[in-house]
Number of protein chains: 2
Amino acid sequence: MTKDFKKHDIVIIGAGPVGLLLSVCLTRWGYDVRHIDNRPVPTATGRADGIQPRTLEILRNLGLKRKIMAYDPARVFEVAFWDPAPGGKIVRTGTWASCPSFLDARYPFTALLHQGLIERVMIDDLRMNGNNVQRPWTITRFETNNADPGYPVEVELKNLDSNVTDTVRTKYLFSGEGAKSFVREQLKVPIRHKDPISHVWGVMDGVVRTNFPDIKMKCTIHSDHGSIMVIPREDNMVRLYIQIASSTDPDFNPRKTATVEEVQAAAKHIFEPYYCDWDRVEWYSVYPIGQGIAEKYTLDHRVFMGGDVCHTHSPKAGQGMNTAFHDAINLAWKLHHVESGFASRSVLSTYETERKSVAETLLDFDNKYAALFSTRQPSSSEVSSASNSSTSHHTNTSAPEDENPFVAMFKANCEFTAGYGVAYGPNIYNHSAEHTYQHPLLLTNHPKLRTGRIMPNSNATRVADANFVHLENEIPCNGSFRLFIFAGLQSSAKKGEHKALSDFATALQAPTSFYSRFGWADEERDTHHDHNNPHTPLFSLALVVAARRPEIEVSNLPELFHDYAARVYADDVWQKAVPDAKAPSHAKTGFEGDEGGVVVVRPDGHVACAVRLVGKETVDALEGYFATFLDKTGRKARAREPKFGLGGGAQRVRAQL
Amino acid sequence: MTKDFKKHDIVIIGAGPVGLLLSVCLTRWGYDVRHIDNRPVPTATGRADGIQPRTLEILRNLGLKRKIMAYDPARVFEVAFWDPAPGGKIVRTGTWASCPSFLDARYPFTALLHQGLIERVMIDDLRMNGNNVQRPWTITRFETNNADPGYPVEVELKNLDSNVTDTVRTKYLFSGEGAKSFVREQLKVPIRHKDPISHVWGVMDGVVRTNFPDIKMKCTIHSDHGSIMVIPREDNMVRLYIQIASSTDPDFNPRKTATVEEVQAAAKHIFEPYYCDWDRVEWYSVYPIGQGIAEKYTLDHRVFMGGDVCHTHSPKAGQGMNTAFHDAINLAWKLHHVESGFASRSVLSTYETERKSVAETLLDFDNKYAALFSTRQPSSSEVSSASNSSTSHHTNTSAPEDENPFVAMFKANCEFTAGYGVAYGPNIYNHSAEHTYQHPLLLTNHPKLRTGRIMPNSNATRVADANFVHLENEIPCNGSFRLFIFAGLQSSAKKGEHKALSDFATALQAPTSFYSRFGWADEERDTHHDHNNPHTPLFSLALVVAARRPEIEVSNLPELFHDYAARVYADDVWQKAVPDAKAPSHAKTGFEGDEGGVVVVRPDGHVACAVRLVGKETVDALEGYFATFLDKTGRKARAREPKFGLGGGAQRVRAQL
């Protein structure tokens, strides 16, 4: 009977940020993705709007950033604080960089753009790769059973226009339905409320007419008449968040509401002595928000959940969409590795442990954030000291850092709100002194290469085309582990006399190495234009040579790198953070001595481990590390014809499904 | 009878780069533009493809760069030279930066993208502003007559599908038809051939399969079997230019042609010892090219021509489209000023003098370029010295500059090919010691503020939203003169105690000043969201204060600047070119002492004049300068509702037509 059912690799419910990004990744990598959403059309207006600095890097890595920036989002570099002054007026007490220089962000700003435009870019990407979101469809039933062990999940879908139902079988079901999740309810996964306080928020997007001087800044305004958060938006718009009620109010009613006019009147009062009128309102909503976190993200590693299904919190920290993106990428590559036969199913458990831990941190942060901005009003002197140490992100002044507890908390918050606080703890992927595998060449507790965090960014010159590039983003989000090989200062690689490098390359190419075991099954596969996965879908290499570009001849490098010609870089770009370094990228990444190293970066951009580059022993160390989670035998992957979409001849992998 | 004719402000023939950009500008500024093209659909493939560094800045100023970059063009940073080696092989003799650091370009690369995608961005912009290109229409007749003096040009247009004709009257007719121009032929404007040598070129776009190491670089390959130029393109494509015949050949035939297979075979031979096969050919063309320049760009200042209509040359220097863009912008603002009553018709004569002079330079350059690359093959040592002084555009090494004649010519060529060689000579707009008006405060022969060239770029922080910005591009291409006011190091502007600045502001606001005389006619006009033209369509101001952003309070500045709140900048961004400057933007622009200055920049981005900032006398000096070409009485302009399109609340002006 089940043979009549359509079969999919994954069914994704919901086309918000988490569902779309998961869909984009898996569709690019060649999977059969059935993606539905119960809304008849994509998000037209309102909802989330803030893209964090770290998320911009992720979008860049996905090749989507330019398409998003083409919509000219507003950019927030600083936050201004306004507090009550005598006479019922408000006064600015200080400003802070929202992404200070010590975070060393590529894009030290938050980009503000309505969610629908961000979604449109991903929907276009899906279409370009032959997929689309079916609307308006909903999920009416699902169960995991043994009727077809290869496709263990049975899902009943229903078209909300025609009432036609479609029962399908799938390997995985993913719920990105948002806070009200049918899947989560069916699974009876409880939501735990960390903070019992809940709030009713009003949010209004539109064009205002005001003489308030910071209307183009992100602002928190506390007045004797209430509080508002101001967020600048694209097209001369602004978003105002207004807290309408809190469960700490004596007469709290979670269904409390307010009309547009009431909220506008409240805002007008808060903005005094400045005027604030509305030319037009683009979107308006009032909704109750309670902090909550799902106890489980999956029960059986077949039905997964992510995004708002798993964590809800106040919107004003701008974390929702960004967290959703991280959920999606984290799950995408792990599913890919399991379905390609690279890794055992057990690695899927790290999705929940890693992402739930971040959600817990997010809720902790949200509590502190609420406490800081809703209750405590920093004094001018505190704000001034924070401002001095933080606004130097692009100025030529730098004040000594004043580490009072307030500044310290401000810094920790900045890191988190910018997206750099996503730090995965030690586990099978993220090496540490507690990892089951140890090797003397592995660098543990390296101050710059912190496992579970991103690799420091750096600039380099791509040898093949002399392009100035951002090294950390050179290997696209292709589902592969990234091996960044820093050849070291002792390098005579340009002359082909670099023994450590050539021994490393030779050992990597040995037929039994972790690198070769997962090579393409089809040895006749055409990889001429594939600079990311010429040998294997599981690994992508990038080689950084401490020499000037004209001195590097790819044909003189070890043969391994000839197929990676577009992934060889000259470490010859001056960088302000290491002005005197002979090899700036080496220095920024953490290789300051003569010896080079290999940084293993997970497919989502987080550092897995780092190893000293000495020769064959470096491959031995990596062999041991990868053996702890990769399939022991090594399984050759079947290749699929590359699709158009990623630059640089990237391949989408259709592996052993 | 003529009253039955449709009337337009301008009829534009041809939707290539020159016609489209003229159309974009005039449509945005509120003019009735009738735009036709004789092709049924926009350019699908092939044709021009190189966007110079300077052109990227222009596109940025128009708000179009991000939309173009979203198509992921290839980027050329360096040029590689390959020459014959013993044994019939080719060998790389050196590489050069295509836009070396001494040019100080914002975007030190050429962006390569097929012309159709660039045109699409402009066609989208036209649509967004309510215009469109009508196809397939052609021009069949035109004459200038007195039947309707307000619309002196009668034009007969014909639809090539329906054969329907439409006779219209217009104030201006513009031909952007390309090298074969009906309008130019009708006007009997001769083409002068500077160099009698003509060439037949083959050009082929596609994806190649090769082990040639520089296939992602711009290359000039000379071999014993012929010459090729290699240009990388978007989507892993490459363009090859192959010279098929030259009028210096003994058996020259300008109609000589070659099949795809013949050209591919020739290329294969030239690339030896490397292989070069074609996965697919996207576009292929063989065409004769002779250098030529039109004797006149207009006969009556009513019928104008631009782009390839006026100048043809070899394609491989990548100058055609870029020169066309300059033609369009140069004409657009002058038409706008005349039709708005700001200036007398006589200023229109500067279109031909300025643009024809650049075309002459272009042809001179093209000659030298051809001589350099087609005949002379630089020795390794020469190339190496050029390479050393040039590839440092983003490296930390810098060799002493070796000024041999070869390097000097290379530098001059770089400046030209990058687009920075466009230097308009002294005339009524571009102040010099020969200008009819002189004033002691005017800065003549300033080493950095060279009139007729662009203002040095610099970074700043926008006070209103703390955004990091490119100062030189902060005032969009809105048809206005740009007054960049550098308040100077002595500035206590932040405390409102800057006498020179406040005296300057007061004098500018006097009712009889050049600034006020051209104010909006409608004093009730809503300019709340207009930060570019709050007072007048003819001028846009930007104020740069030598202080840190948090120290600047717009409300403490002279009242003039309150309506320019979004155009006030903090000069607090460290810049590598002036690492020790207290006020980096001041220093980069040329104001290194305590005193500030005002830089007048034309609507096309070229410096008109610069004045010391001392107070009312600064306005006196500007008054005298502007009086030489602005309407004496001053005419109030009628405003039109702003259209969506430009950021920052820019207004499109519908002036006195």
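Since we're looking at a predicted model, the values are computed, not measured.
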If every non-hydrogen atom of R75(B) is compared with every non-hydrogen atom of F468(A), which pair is closest and at what distance?
NH2-O, 3.1 Å
Given a strict heavy-atom distance threshold of 4.5 Å, which part of T210(A) is in contact with chain B: side chain, backbone, both, or neither?
backbone
Testing the basics here: between V208(B) and H529(A), what is the closest heavy-atom pair and its distance to 0.1 Å?
O-CE1, 3.0 Å
Within the structure provided, determine whether D277(A) and H528(B) are in side-chain contact (heavy-atom separation under 4.5 Å).
no
Rounded at 0.5 Å granularity, tell me how far CD1 in I215(B) sits from CG in D465(A).
12.0 Å
Can you say whether D279(A) sits under 4.5 Å from chain B via the side chain, the backbone, both, or neither, judging by heavy atoms?
side chain
Could you give the distance from CD (E553(A)) to CZ (R92(B)), rounded to the nearest 0.5 Å?
4.0 Å
Which heavy atom of M217(A) sits nearest to which heavy atom of A464(B), and what is that distance?
CG-O, 3.2 Å
Can you tell me which portion of R462(A) sits under 4.5 Å from chain B's heavy atoms? Options are side chain, backbone, both or neither.
neither
Cut-off 4.5 Å, heavy atoms of chain B, and the answer for V121(A) is neither
Heavy-atom pairs under 4.5 Å with chain B: which of K67(A), R549(A), H562(A) has the most?
R549(A)
